Amino acid sequence: MKDLFLDCARNAALESEEKLVEVLDQSVFQQRSLVDDVLDTQLVDEERFLENLSRKLSIGWKEELERDDVKPRQLRELCSAQVALRHRLLPVYFDDPDASEDDEFAGEGGEERAANGEGTGRLEIATYDPFNLTARQAASQHIKVPIQWRMASRTRIVEGLQSLYGVGADTFEQLLAGRDLNEDLLDMREDVNVIDDDDEEASVVKFVNQILREALDQRATDIHVEPQKNQLRIRYRVDGKLVEVPVPENIKALQSMVVARLKIMSNLDIAERRLPQDGRINLQIEGKSIDVRVATIPTVEGEQVSLRLLGQEQFNLKKLNLGTGINEQFRNLLELSNGIILLTGPTGCGKSTTLYTFLTELNKSETRIVTVEDPVENKLEGILQVAVKPEINLTFANGLRSFLRADPDIIMVGEIRDLETAEIAIRAALTGHLVFSTLHTNDAIGGISRLVDMGLEPFLVSASVRAFIAQRLVR
């Protein structure tokens, strides 16, 4: 077996044969999947390695996993989500010689014949690990038609499974198979914010956890759970673009339960469905803490839930990838003892991340830093952070006015929205404080006109503002 893997790896851009031998020995000793362990090391080119392996084992290689004449519902009927997703087996094509040209298979009679195994066709299933006997046995037990095995890359199989079945499809399938959905309300409050991959029990809790984990895996910044007339649409915002996530059919049946679960996690009132609500979740996943900002909006089709994922990352200038020249300019700005530094740009362009990076660079034991934000997106150790609460008159202006009596060295204001806040920030800058804030303008030069339009005297702007910084995210 080791010789076979080494032979396939040598023709697949192998980086280090010694390391690969070490990985194979450890994998055999610990009885893990050899294929997974080899691919996880990234010592070989995945496509070339698996294609070489398929050739050595005389198993057909699938270059393309999509065909124009494939009926997705037909494949889902033949191979359940539980089998496919648990063992990473992707049904790619069913050749049914008994079906006439007019037989849509997904229509009357077709699905029943497939479920009963009455067709004489073969179901092509792609795998990346031909040595996984457990997966083969599960497939042979649950699939009622002959199977023709093929090999494809792990990356394309994982993408194909998500596209065909949708996120959380295996859990959803088990829920609909015989569990009373109302029972889930009883145990929804246990381990509210812990995402556990080892939970084998099918429940709405696990289904929601799978949605959150998938979003984190895709590095999404937002999740939108949107009720439609006949469907529940889930979309992730990835690199600034909204991407619709494939979901299981009939997911509409779980709509109220999914929304209730998210509201419980964020400590919102599940009985209140007529008014918008705001909350927060602190997720514990693999020992890491992820903050999630939650907002619900009542719509005619039900409550819509938006989640902003705020990763607890270490902020530093290197991670911003701005280049040596810009980093030097930023460091010169951070050495200033007074003045205002303003970040500009539209919503979602990364202004908050840059501000937190500046504060982290300046966060030293001899420096007192205070912030007033709406809301506090990331909690920084050693910095005094205050969230505005307009309902009790704790606004940006009032918070900033109080800060000036609390002996701060550096002040961060989440956003300058009005003349009162701008005037207090100017006064702070002119009395020896370094102030950071943001403006919603499309470019840096627009920040000047925005402050003047608010009612500030031009000479105050020139005397206090040290820099306008405009930024965008590169996709």
Side-chain angles (χ1 to χ4, degrees), residues 278-280 291 293 295 308 310 315 333-345 347 351-441 444 446-470:
D278 294 310
R280 200 178 188 94
D291 275 338
R293 203 167 68 214
R308 168 65 62 89
L310 306 168
F315 298 97
L333 289 174
L334 297 180
E335 289 175 2
L336 296 173
S337 60
N338 61 72
I340 302 179
I341 298 172
L342 292 168
L343 274 81
T344 68
T347 301
K351 298 189 297 294
S352 296
T353 300
T354 304
L355 278 179
Y356 282 123
T357 301
F358 288 169
L359 295 182
T360 302
E361 293 286 329
L362 294 169
N363 188 13
K364 297 178 175 60
S365 59
E366 65 268 18
T367 305
R368 180 174 170 84
I369 303 175
V370 292
T371 75
V372 55
E373 308 170 56
D374 183 22
V376 175
E377 294 188 354
N378 287 279
K379 297 172 184 175
L380 302 178
E381 190 73 28
I383 293 178
L384 305 177
Q385 296 173 273
V386 176
V388 300
K389 296 177 181 177
E391 63 272 14
I392 59 172
N393 204 30
L394 177 54
T395 61
F396 280 120
N398 289 338
L400 189 51
R401 192 180 290 110
S402 300
F403 286 170
L404 293 178
R405 299 192 292 270
D407 188 32
D409 297 303
I410 298 168
I411 299 172
M412 192 270 271
V413 185
E415 182 185 351
I416 294 180
R417 298 175 177 172
D418 51 52
L419 176 60
E420 186 181 10
T421 306
E423 286 179 337
I424 300 172
I426 291 283
R427 195 184 314 150
L430 293 175
T431 55
H433 301 91
L434 185 59
V435 181
F436 295 96
S437 191
T438 66
L439 284 173
H440 281 294
T441 62
I448 299 175
S449 56
R450 178 67 185 276
L451 292 176
V452 173
D453 289 344
M454 282 183 182
L456 286 175
E457 294 293 340
F459 74 89
L460 287 177
V461 176
S462 62
S464 59
V465 179
R466 296 290 179 260
F468 290 97
I469 303 170

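Everything numeric here is computed off the predicted structure, so don't read it as measured data.
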### Message
Any heavy-atom pair between the side chains of T354 and I469 that's under 4.5 Å?
### Response
no

### Message
Taking R417 first and then E415, would you say they form a salt bridge - that is, a charged N and a carboxylate O separated by under 4.0 Å?
### Response
yes

#### Entry: Salt bridge present between E420 and R401 (N-O < 4.0 angstrom)
yes

### Task
Check whether any side-chain heavy atom of V388 lies under 4.5 Å from a side-chain heavy atom of T395, and answer yes or no.
no

### Task
Taking all non-hydrogen atoms of both residues into account, name the closest pair between L460 and I426 and its distance.
O-CD1, 4.0 Å

### Message
Rounded at 0.5 Å granularity, tell me how far CG in L333 sits from CD in E361.
### Response
12.5 Å

### Summary
Residues T441 and R450: closest non-hydrogen pair is CG2-CB, 3.7 Å

#### Entry: Minimum side-chain heavy-atom gap L342-L451 below 4.5 Å
yes

#### Entry: Qualifying residue, where the test is side chain to side chain contact (heavy atoms under 4.5 Å, CB included) with L434 and the options are N338, I411, D409, L362
L362

### Task
Determine yes or no for a side-chain-to-main-chain donor-acceptor pair under 3.5 angstrom, with D374 supplying the side chain and G414 the backbone.
no

### Query
If you round to the nearest 0.5 Å, how far is CZ of F436 from CG of L355?
7.5 Å

### Query
Is the number of heavy atoms from other residues, nucleotides or ligands within 6.0 Å of CD (E381) greater than 12?
no

#### Entry: For A429 against V435, the heavy-atom pair lying closest together
N-CG2, 4.1 Å

### Summary
Heavy-atom nearest pair, T357 first then T353, reads OG1-O, 2.8 Å

### Check: L380 main-chain N/O paired with Q385 side-chain donor or acceptor under 3.5 Å
yes

### Minimum heavy-atom distance between N363 and I369, given as atom pair plus value
CA-CD1, 3.8 Å

### Task
Report yes if the side chains of V386 and L394 come closer than 4.5 Å at any heavy-atom pair, otherwise no.
yes

### Task
Flag the pair L439 / K351 as yes when at least one side-chain heavy-atom distance between them is below 4.5 Å, and no otherwise.
no

### Query
Going by heavy atoms in the side chains, are F358 and L343 under 4.5 Å from each other?
yes

### Task
Would you name the heavy atoms of R466 and I341 that are closest together and state the gap between them?
CB-CG1, 4.4 Å

#### Entry: Any side-chain heavy-atom pair of M454 and T421 under 4.5 Å
no

### Which residues share a side-chain hydrogen bond (donor to acceptor under 3.5 Å, both in side chains) with S437, sequence neighbours left out
none

